[in-house]
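Count residues from 1 along the sequence. Every heavy atom of this structure was used, including side-chain atoms; hydrogens, water molecules and symmetry mates were not.
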Amino acid sequence: STNPFAQVVSKAMFESFFPNRNSFYTYEGLVQAAEVFPAFAGTGTLETRRREAAAFLANVAHETGNLVYIEEINRGEYTDYSPWFCPPAPGQRYYGRGPMQVSWNYNYCNASIAIFGDREVLRLDPGRVARESWLAWATGVWFWMTQTGAGSMTSHSAIVNGNGFGQTIRTINGGVECDGKRPDLVQIRINNYTNFVGRLGGTTGGNLGC
């Protein structure tokens with residue numbers, strides 16, 4: 001394969017990581033999403049690429065109950081009326097969907113611009129993220145590659161620049177889990193990462209916690 005992610009994680013390995021996953025989360029969908037962001041698991045040495053693939057999968061495993069949940073269970077209201085570039089569409093809700101549980105209208109617009117070159121696609125139909133596997137994966141990879149979240153760097157940068165897996169946790173959910181708030185949840189993510197990267201033939205690197 002010429003797909004960087006597929007070169008690092010085979011279909012058989014992906015399926016062994018998530019034997020009880022929802023059938024919505026397909027390997028083929030993830031590989032298609034990775035095509036949109038070719039630097040994903042495609043930057044640096046083979047060791048770094050293995051770490052990034054494992055780190056991404058470890059975090060999405062935690063966010064979705066090992067790829068079981070497609071939509072947020074509580075389906076909260078995540079509508080911000082202030083961003084002029086992304087007014088909420090009538091009748092649409094922007095709760096968490098996909099492997100990174102992307103939420104808020106402005107995030108749907110930004111993801112839509114990155115993936116489709118058009119904010120309107122997901123602004124008008126955020127539910128599409130829960131209907132198309134490749135698109136669900138693409139929103140997760142978009143967050144991983146471009147968003148700093150609760151941290152100071154993207155998750156992609158944290159791995160490829162050697163800042164460690166712990167910084168990916170901080171970016172994704174640092175406000176809730178890091179700095180001693182929920183060490184139990186941090187440890188679950190670390191355990192996932194250690195397991196996955198080892199099975200990919202890589203090593204964890206340092207700075208695992210946050």
Rounded distance (nearest 0.5 Å) linking atom [atom1] of [X] with atom [atom2] of [Y]:
X: R189; Y: T194; atom1: CZ; atom2: OG1; answer: 14.0 Å
X: C178; Y: N173; atom1: SG; atom2: CG; answer: 8.0 Å
X: I188; Y: I169; atom1: CD1; atom2: CD1; answer: 10.5 Å

Next on the checklist: Filter on salt bridge (Lys or Arg N to Asp or Glu O under 4.0 Å), then keep only pairs touching residues 145-171, sequence neighbours left out; what's left?
Outcome noted: R170-D179
[X] and [Y]: which non-hydrogen atoms are nearest, and at how many Å?
X: F37; Y: A114; value: CZ-CB, 4.4 Å
X: A150; Y: G174; value: CB-N, 3.9 Å
X: R123; Y: A89; value: O-CB, 3.5 Å
X: P38; Y: P4; value: O-CG, 3.6 Å
X: A41; Y: V8; value: O-CG2, 4.1 Å

Item to check | Test item: N3 side-chain N/O and V31 main-chain N/O as donor-acceptor pair under 3.5 Å | outcome: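 Indeed, once roles are kept as given, a pair shorter than 3.5 Å links the two residues.
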Next on the checklist: Strictly distance-based, threshold 3.5 Å: is any side-chain N or O of Y108 a donor or acceptor partner for the main-chain N or O of D125?
Outcome noted: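 Pair absent, no side-chain N/O of Y108 close to backbone of D125.
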Checklist entry - Are the aromatic ring centres of Y94 and Y106 under 6.0 angstrom apart? => result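 Distance test on ring centres: not under 6.0 Å, no.
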Item to check | Centroid separation F196 to F18 less than 6.0 Å | outcome: yes
Next on the checklist: If the condition is ring pair (Phe, Tyr, Trp, His ring centres under 6.0 Å), which residues does Y78 pass it with, not counting sequence neighbours?
Outcome noted: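 Applying ring pair (Phe, Tyr, Trp, His ring centres under 6.0 Å) to Y78 gives W104.
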Next on the checklist: Using the side-chain contact (heavy atoms from CB on, under 4.5 Å) definition, which of the options E71, R97, Q101 pairs with V129?
Outcome noted: R97
Checklist entry - What residue among I159, V60, T154 forms side-chain contact (heavy atoms from CB on, under 4.5 Å) with W144? => result I159
Taking side chain as C-beta onward, heavy atoms only, is [X] less than 4.5 Å from [Y]?
X: F143; Y: I172; answer: yes
X: L135; Y: F116; answer: yes
X: N66; Y: F17; answer: no
X: F14; Y: R21; answer: yes

Checklist entry - Does the pair R128/E132 count as a salt bridge with the N-to-O cut at 4.0 Å? => result yes
Checklist entry - Using 4.0 Å as the upper bound for N to carboxylate O, is an ion pair formed by R49 and E52? => result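 Answer for the salt bridge query: no.
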Next on the checklist: Atom OH of residue position Y81 - does it have more than 12 heavy atoms of other residues, nucleotides or ligands inside 6.0 Å?
Outcome noted: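 For Y81, atom OH is not crowded (no more than 12 foreign heavy atoms under 6.0 Å).
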